[in-house]
Amino acid sequence: MSEALEITNPTQHHSNWPTPDNNEGGEKSPVNMSYGKTMMWYFLLSDAFTFSAFLIAYLAIRMSHVWWPNPNHVFNAMPFLEGVKAPMGFVTIMTSILILSSVFVVRAVQEGHRMNKNGVAMWMVGGIIGGMMFLGCQAWEWSHLIHEGLRPFFNPFILDAEGTLRIAQSAINETTGIREIAVNAQNQFVDVHGVAHTIGEGMKQGGPETFGALFFGITGFHGFHVFTGICLNIYVLVATLNGTFERRGHYEMVEKIGLYWHFVDLVWIFVFLAFYLM
Amino acid sequence: MVTSAIENNIDGQAHHHTETFISKYIFSLDHKIISRQFLFAGMAWAVLGGLLSVLFRTQLAWPNETFPVLETLFSTWYTDGILKPEAYNAMITMHGTIMIFFVLTASLTGTFANLLVPFQIGARDMASPLLNALSFWIFILASVFMLASLFAPDGAPSAGWTVYPPLSALPQTSPGSGLGMTLWLIAIALFIISTLMGGLNYISTILNMRTKGMTMYRMPLSVWALFFTAIVGLLAFPVLLSAAVLLIFDRGLGTSFFLSNIVVGGSPLPYSGGSPILFQHLFWFLGHPEVYIIILPAMGIVSEVLAIHSRKPVFGYKAMIFSLLGITIMSFLVWAHHMFVSGMNPFLGGVFTVFTLLIAIPSSIKVFNWLTTLWRGNFHINPASIFAVGFVSLFISGGLTGIWLGSSTVDIRLHDTYFVIAHFHLVMGVAAFFGMFAGVYHWFPRMFGRMMNNTMGYIHFGITFVGAYLIFWPMHFMGLSGVPRRYYHFNEFDAFSQYANMNVIITVVTIIVFITQFIFIFNFFHSMYFGKKAPQNPWNATTLEWTSPVEGIHGNWEGDLPVVHRWPYDYSKPGADEDFIAQTTPLKEGEIESH
């Protein structure tokens, strides 16, 4: 390849990066990527179908319900601020943290192109901390909702007779072994503040119980992806620090793992849309 | 391993690095060994799957007879010499699961993608040999779980291979919906992970590891078919993974994704708000592309085998590729034709009917091209070539009834009858097996360096081919008169008593065909050790796998990789000395590349 061609060919932009062929002068890939990156893209495409199936299941089940708990009331708590109502406040912080960690990983990839080992390591640390903070936030939100009585098989969010969303107290029925809200003779239930309310129409068993199942199932599956992403990011950090990529002559692994990290971020946007904004 | 092969070549020495039996044949990273491993595992599964079909066919033919011998052999499934009703359901469930997933998906693709992709594109191995080996071993792990489910103490899974909830979700519904079903779901989840790993490897190997001169349009159709198979698998299987995960939650955590307002024995269960139809949609979004995952590799093998043995270029090479692409895309748009009776909107039923009938167009293009490839060819008869012709025959016979079933108005009448059984067994069950047999007979010399016995091959073909039609042809008539599938016996149905003798004939032929397969297995293992030594290029084929040393070496080629100069179907080219020109032969001066 002549000097002139080398400049105009976009694949040669980073001459230290792997060329998309079999390293024995074979044919170039039609998608112009190394095999590792091709694999990652196809894996992400496949994983996108997994998440799509979950989100379509969510939509199908939710649309078949007449009533669904209003997310502005379900997700309005903030840690350390008992009694403060901040609809969507906490999830906004969570989402920002995750997006910020994606930005850090973008910077790590950029430093990889510059073969700057310390830069890659520094920004990867940022990405890992962001991921861990996100998981911490999710753990808090899960335990808060579980504390309020939400279960994969039970939903305490119901409407009273005036149409206000309340969180009902619930207990496990001794005879059936099933969790349910206690209703007195006047068809009244007790909310988490100990106040009795008349139960709204069609709310005998609690709210739609698939709410908890879908919430824990889908955010849990996403959280599992964040967890594996953190593990992969830690691997990249270690391999960067011990000079593996420097010896290899390129930091493409940072970019491949980075693709996964951005994908996890992107999926969260859809999960966020489905559970918090709709 | 690739590196060591190259280093040895530089030293001018043969392979002297120490290899134990375990590193060479068990935990191997070599694509040729992994290909054999998939084939052996698939053969074991196929024998088991076939045996189960013999057991339930015996029950259908002689519903009131006792079989003390079978009770001695399979004591858990028999009482008083009669197959238990729940065991009958388990047999049909496991027959379908084993044949569809473990034989015709994992083993068919696993064997031929591993064998042909690196060989035919001129690569030293898969892009990631480690991921490739992991794919096989996770498949074995899935196999262990699936085999365990067959022997679950409560009973083997018995909800049908489609595992529709609530039958599959509630342990109360049948003995097999207990532990057996849980093991089934875990096995399938592992199976999907294995398929994912294999598929990623096939795609990236085909895109990135082609040797010099092997452009995309110079790849054999077998590689093209495996490429599209991998794409379909990567996009369809994850949806089943989601469905399996949600079903596991329903079974284990008390969620209600697929369950709603169910009363068992007079007492209502605490499930509400879910939808069993949702599961059907998720299942068939995999389930329909799945039949193309099964048939596409067989189509690729048959295209290749027919061209080689009729000594003609394959007719319409690019039409073949684009019809594969068409099937790949269309396969995702037709899933609900399995659900016409689920209460779906008739308008939606109409939409899915139209898409389903449209998919007949690329399929017909392929059939036309196979027939025109054979047309006036110098047809060489051998087991591989006649199995390929058998594939085309079965694919046409089964495909035509697909047009009936794809039409919602007819399907509502024929749904869940033996007509459906006849249709899909011919078009994707037996046909895919024939493709696989053609592939094994054709590439056996490449896999083991020896030739298979032709006489045994002809006997195998003759009985299996005639048997396939004898078994499934009568089922069309049974289905048309309304005989439902999955029934334990028809003793109480006077209207179906006319088919009692038919059932006996079908079962007798099933047993004969099942026994015939042992001729193939004997031929296979006998030829492996005592077969005639294979020459370098036994079929005078053009493709690269026949230029690699017969004994099979790491890295596939000594020295440099072969360089490709022409397309793979230069058979009987006018002006050539022989009736084939290898892909590695440079174009002569003034010679124009075909296609």
Side-chain angles (χ1 to χ4, degrees), chain A residues 19-43 45-58 60-62 64-65 151-155 173 176-180 205-214 216-218 220-221, chain B residues 6 121-124 127-128 131 196 199-201 203-216 218 230-231 233-243 245-246 249-250 253-258 260 267 269-275 277-279 281-282 285-286 560-561 563-564:
Chain A
T19 49
D21 69 6
N22 65 358
N23 294 322
E24 290 183 55
E27 291 296 314
K28 293 255 187 290
S29 164
V31 289
N32 215 7
M33 271 190 277
S34 71
Y35 80 82
K37 225 197 268 183
T38 311
M39 272 190 187
M40 182 52 87
W41 272 112
Y42 274 97
F43 169 71
L45 194 60
S46 176
D47 214 21
F49 271 64
T50 315
F51 272 108
S52 306
F54 282 134
L55 290 175
I56 285 167
Y58 169 80
I61 290 174
R62 176 164 174 180
S64 69
H65 282 87
R151 296 285 184 281
F153 46 83
F154 179 76
N155 181 0
N173 184 323
T176 58
I178 294 163
R179 180 175 282 271
E180 50 192 36
Q205 304 287 324
E209 60 185 48
T210 40
F211 177 79
L214 287 163
F216 289 122
I218 296 175
F221 199 72
Chain B
I6 296 162
I121 66 172
R124 299 223 179 261
S128 171
L131 204 58
L196 174 70
L200 288 175
N201 236 331
I203 292 173
S204 50
T205 306
I206 292 169
L207 289 179
N208 283 72
M209 301 289 153
R210 282 167 293 121
T211 188
K212 194 171 188 324
M214 179 59 82
T215 59
M216 293 297 274
R218 280 177 181 166
I231 291 177
L234 276 188
L235 303 185
F237 268 115
V239 177
L240 180 66
L241 182 65
S242 305
V245 167
L246 296 184
F249 286 166
D250 274 2
L253 294 177
T255 58
S256 316
F257 292 110
F258 304 130
S260 185
S267 53
L269 297 183
Y271 301 103
S272 82
S275 162
I277 301 291
L278 172 65
F279 181 86
H281 278 292
L282 294 179
F285 189 83
L286 157 88
D560 291 337
L561 288 172
V563 178
V564 169

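Naming convention: chains lettered A, B, ... in sequence-line order (proteins, then strands); numbering from 1 in each chain. Heavy-atom basis, side chains included; hydrogens, waters and symmetry copies ignored.
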Heavy-atom pairs under 4.5 Å with chain A are the metric here; pick the option from [options] that has the most.
| options | result |
| --- | --- |
| B:Ile203, B:Leu241, B:Leu240, B:Ile231 | B:Ile203 |
| B:Leu282, B:Val563, B:Leu561 | B:Leu561 |
| B:Ala123, B:Gly213, B:Ser275, B:Ser128 | B:Gly213 |
| B:Gly199, B:Ser272, B:Gly254 | B:Ser272 |

Quiz prompt | Toward chain B, the part of A:Pro208 with a non-hydrogen atom under 4.5 Å | solution =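 No part of it gets close to chain B.
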
Which heavy atom in [X] sits nearest to a heavy atom in [Y], and how many Å separate them?
| X | Y | result |
| --- | --- | --- |
| B:Gly274 | A:Thr210 | N-CG2, 4.1 Å |
| B:Leu200 | A:Met39 | CD2-O, 3.3 Å |
| A:Ser34 | B:Asn208 | C-ND2, 3.4 Å |
| A:His65 | B:Gly273 | CE1-O, 3.3 Å |

Practice problem: Tell me, for B:Phe257 versus chain A, whether the close heavy atoms (under 4.5 Å) come from the side chain, the backbone, both or neither. | Solution: both

Quiz item: What part of B:Val564 gets closer than 4.5 Å to chain A, counting heavy atoms only: side chain, backbone, both or neither?
Solution: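 Neither the backbone nor the side chain of B:Val564 comes within 4.5 Å of chain A.
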
Practice problem: Kindly determine whether B:Val239 and A:Thr50 satisfy side chain to side chain contact (heavy atoms under 4.5 Å, CB included), including the steps that lead there. | Solution: CA-CA 5 Å; B:Val239 177; A:Thr50 315; over 6 Å; no

Practice problem: Run the numbers on A:Glu209 and B:Ser256 for side-chain hydrogen bond (donor to acceptor under 3.5 Å, both in side chains), then give the verdict. | Solution: CA-CA 7 Å; A:Glu209 60 185 48; B:Ser256 316; 2.7 Å; yes

Practice problem: Evaluate side chain to side chain contact (heavy atoms under 4.5 Å, CB included) for A:Tyr35 paired with B:Thr205, printing each intermediate quantity in order. | Solution: CA-CA 7 Å; A:Tyr35 80 82; B:Thr205 306; over 6 Å; no

Quiz item: With distance as the sole test, does B:Arg210 use its side chain to make a donor-acceptor pair with the main-chain N or O of A:Gly26 at under 3.5 Å?
Solution: no

Quiz item: Donor-acceptor pair, A:Ser46 side chain versus B:Leu235 backbone, under 3.5 Å?
Solution: no

Quiz item: Going by an N to O cut-off under 4.0 Å, is there a salt bridge joining A:Glu24 and B:Lys212?
Solution: no

